[in-house]
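Quick notes on the structure that follows.
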Protein chains: 2
Amino acid sequence: MNLKELATKLGLSPTTVSRALNGYPEVNEATRERVMAAAKRHNYRPNTRAIRLATGRALAIGHVIPLATRHEIMNPIFADFIAGAGETYSRNGYDMLLSVVPDESEEQAYRDLKSRGSADGVILHAPRMNDPRIPLMHEIGIPFVVHGRATDTTEPYSWVDVNNRRAFQRATEFLLDLGHMRIGLVNGLEFMDFAIRRRTGYADALASRGMALDPALMSSDEMTEISGFRAASAMLDLRDPPTAFLVASMISGMGVRRAIEGRGLAMGRDVSVIIHDDDLSYLKNGDAVPIFTATRSSVREAGRIAAEMLLAIITQQGEEPQNRLLEAELIIGQSTGPAPRRA
Amino acid sequence: MNLKELATKLGLSPTTVSRALNGYPEVNEATRERVMAAAKRHNYRPNTRAIRLATGRALAIGHVIPLATRHEIMNPIFADFIAGAGETYSRNGYDMLLSVVPDESEEQAYRDLKSRGSADGVILHAPRMNDPRIPLMHEIGIPFVVHGRATDTTEPYSWVDVNNRRAFQRATEFLLDLGHMRIGLVNGLEFMDFAIRRRTGYADALASRGMALDPALMSSDEMTEISGFRAASAMLDLRDPPTAFLVASMISGMGVRRAIEGRGLAMGRDVSVIIHDDDLSYLKNGDAVPIFTATRSSVREAGRIAAEMLLAIITQQGEEPQNRLLEAELIIGQSTGPAPRRA
DNA sequence: TGCGCCATCCAAAGCGGTTTGAGTATGATT
DNA sequence: AATCATACTCAAACCGCTTTGGATGGCGCA
């Protein structure tokens, strides 16, 4: 059932039917209702392909996912971000287009999205320091929003980010207030922007108390259980081990906990742990009482916000870049407590 | 730069240019090369919207993701499946369309995909027993492949699945051979097809050794860390606790480990654990030596296979349903050992 | 020389909508 | 009664590509 057929059935022209359905004013209300009813009755859905061609809009938002043979950093949070963004797209009649491409064709993937006209805008994931994709988007001339920020990028752009620096600064201060003097940082890979900011927050907090950074207490790696375990193990084996850890993710936090408990220590009593919790739907940090004390910020919510921002930019374009800095909550769980007395 | 412009520049008709680029035989080789060169030089990409309208094909595969307010079961494996499938789509010039919709509009989402012509086929995720979506797809008349199977569905359909029953049967037998007499099952939600099959495999193995099922040793819940912890804790607190666990996922396995180690027991010595490992890229089960003994089957690979199968069905349609049963490997790690001697 | 065939190329008709530019009643204005 | 907005409605162009159904010209063959 297409427009023409429907029009014939109604004894109207396609023009009028189209206008009636799309809410144009120059059509009699009685006619409009007749058309609407017929459309519903015959279960008419306009062909998206035709709409797209006629209007020149793609009605779709692109997400390019590099296959990331080396690091799969973004993966765990990706599903939740997508859920939030996708929800918003659906509500607004947009499709979500995912391009999974080999690392080396990432740039071409973005160019194609634009030149083949298959997306009206894109969302950039997992920005790195001075990320080349930002100038690329400007060059290509496609609306975009970054989930995160890119330190050192000078040109303006729209973004949605968590205040990673402040989150880790507050967490560090919280541990310091509990009397912890040696705090280990189990960070993500520090070419990722969020990891840089978290380390800065950690460093700032220590500096403001006049404490020096100890490189032995700072690690940076992928956020897997194993690497959390390794990093924490190494630090706990130091002559002067940390009494607390600041950990970049729930999953590495599990590795840290394993390292702690494997040494017969109790998390929350002998060693305190604070993680960053992306509030992933399938990786809940406990229920009533959180397992881990955490800086929490919902990545799904970030997805919603980023999608809304992008759709706004696309529809009323010509605006200046927007941005939104989300504050993480500091949630107290069972994994923190006062620093143990010196042995 | 569109076809017409390119044709004008070349002094050819759009017809010829189109044919040259699409490899039709009725064009002079010299001309073809000239066209190809010009296309490359001017960086010409055909407009996908126009191709779709003209050919009547969507060149896209749909994945409908219900928002799943209640259970987020599919989420953790989703990212990896998508990566595998998406990779295949890209290689074949197809787009991946994700529709994130509220649970109650799931059916409508599939219907729209078809009637609005935005997808040539769909992949069904996380099938349940007697899943209503399978008859729905037949009714709608859209090519589809199921990732998993739906017990009790009689009509034929195409699927890619892991041999869950055999995997858990083998794992159970392996534990029995190690002398374990009481084996706890920490299963996923048993309205999910894979969970049903796993329980069957577990039950079959016990039955073939003439052992009775003990309901107290069988749990079924979402596959989260917490519920793994809860299920294992409850069983370990029994008067006659299990000496081994069969666990549905890596994540619940972490909860099981926490329950074991929290009781001062050692995993692999006092209590053995076998998990099912989806081989997720961000949740590696150790590296050289796996942490957990596991039945392993790559969900990313399943994504690739399902995508290939679907594309094949779409291009040479009229075929009878295809299917592919993947066998899980049984990987020996550090979490299993002989049953401890009776206290 | 004349004819048919083949290799090339092209004009034009879609695909299914949207949108521009008119056309036609209708009722109000003068 | 003539004029003119106003309210509706429609024919046709268009979006950018594919594809059908010829055209054209060169060549082999009788």
Side-chain angles (χ1 to χ4, degrees), chain A residues 1-36 38-39 42-60 93-95 112-120 315, chain B residues 1-36 38-39 42-60 93-95 112-120 315:
Chain A
M1 170 63 59
N2 59 22
L3 226 209
K4 202 185 298 182
E5 288 171 28
L6 186 63
T8 310
K9 243 181 244 296
L10 282 161
L12 288 171
S13 76
T15 309
T16 304
V17 176
S18 170
R19 293 200 152 138
L21 293 174
N22 292 317
Y24 281 71
E26 56 271 73
V27 56
N28 192 313
E29 266 318 308
T31 310
R32 186 192 306 282
E33 274 165 32
R34 206 157 64 84
V35 171
M36 295 287 228
H42 293 93
N43 200 31
Y44 167 72
R45 311 262 156 202
N47 184 313
T48 329
R49 297 191 288 256
I51 295 183
R52 293 194 221 269
L53 180 58
T55 61
R57 299 182 303 160
L59 292 174
Y94 274 72
D95 283 336
D112 283 2
L113 241 32
K114 168 72 175 189
S115 60
R116 312 187 46 156
S118 32
D120 296 321
T315 49
Chain B
M1 170 64 57
N2 59 20
L3 227 209
K4 202 186 296 180
E5 289 170 27
L6 186 63
T8 310
K9 243 182 244 296
L10 282 161
L12 289 170
S13 75
T15 310
T16 304
V17 175
S18 169
R19 293 199 151 138
L21 293 174
N22 293 317
Y24 281 71
E26 56 271 75
V27 55
N28 190 314
E29 266 318 308
T31 309
R32 186 193 306 281
E33 275 165 31
R34 207 158 62 85
V35 171
M36 295 286 228
H42 293 93
N43 201 30
Y44 167 73
R45 310 264 154 198
N47 183 311
T48 330
R49 297 190 289 253
I51 294 182
R52 293 193 222 269
L53 181 58
T55 61
R57 298 181 305 159
L59 293 174
Y94 274 71
D95 283 337
D112 284 1
L113 241 32
K114 169 72 176 188
S115 59
R116 314 186 45 158
S118 32
D120 295 321
T315 49

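Per chain, numbering begins at 1; letters A, B, ... match sequence-line order.
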message = Over all strands shown, is B:Thr31 touching base, sugar-phosphate only, or nothing at heavy-atom distances under 4.0 angstrom?
response = sugar-phosphate
inquiry  = Distance check needed: C:dG16 P versus A:His42 NE2, whole Å only.
reply    = 17 Å
ask   = How about B:Ser115 and B:Asp112: do any of their side-chain heavy atoms sit closer than 4.5 Å?
value = yes
ask   = Between B:Glu29 and B:Thr55, who's closer to the 5' end of DNA chain C by nearest nucleotide?
value = B:Glu29
task = Specify the separation, in whole Å, of atom CG of B:Leu3 and atom P of D:dG16.
result = 11 Å
ask   = Between C:dG23 atom P and A:Leu12 atom CG, what is the distance in whole Å?
value = 20 Å
message = Below the 4.0 Å mark, does D:dT9 have OP1 or OP2 next to a side-chain nitrogen or oxygen of A:Thr16?
response = no
request  = Side-chain contact test, heavy atoms from C-beta onward, threshold under 4.5 Å: evaluate it for A:Val35 versus A:Leu10 and give yes or no.
outcome  = yes
Separation of atom NZ in A:Lys4 from atom C1' in C:dT18, rounded to whole Å = 14 Å
request  = Could you tell me whether the phosphate oxygens of C:dT18, OP1 or OP2, come under 4.0 Å of any side-chain nitrogen or oxygen in A:Asn22?
outcome  = yes
remark   = A:Glu26 atom CD is separated from C:dA22 atom P, nearest whole Å, by 16 Å
B:Leu59 CG to D:dC17 C1', straight-line distance once rounded to whole Å = 12 Å
key: Smallest separation among heavy atoms of A:Pro14 and A:Leu3, with atom names   = O-CD1, 3.8 Å
ask   = Which heavy-atom pair separates A:Thr315 from A:Tyr94 by the least distance, and what is that distance?
value = CG2-OH, 4.4 Å
5' priority, DNA chain D, between B:Arg19 and B:Ile51 [closest heavy atom] = B:Ile51
Which nucleotide in C:dT18, D:dT9, D:dT18 has an atom nearest any side-chain atom of B:Ser18 = D:dT18
Earlier contact from the 5' end, DNA chain D, for A:Asn28 and B:Ala50 = A:Asn28
inquiry  = Over all strands shown, is A:Leu53 touching base, sugar-phosphate only, or nothing at heavy-atom distances under 4.0 angstrom?
reply    = base
request  = Ignoring backbone atoms, test whether B:Tyr44 places a side-chain nitrogen or oxygen under 4.0 Å from the OP1 or OP2 oxygen of D:dC17.
outcome  = yes
message = What contact category does A:Thr15 fall into here, base, sugar-phosphate, or nothing, at under 4.0 angstrom with non-hydrogen atoms?
response = base
request  = Specify the separation, in whole Å, of atom CG of B:Asn47 and atom P of D:dG16.
outcome  = 7 Å
request  = Can you establish whether the number of heavy atoms outside A:Arg32 located under 6.0 Å from its atom CZ is more than 12?
outcome  = yes
task = Answer yes or no: does a side-chain N or O of B:Tyr24 lie under 4.0 Å from OP1 or OP2 of C:dT8?
result = no
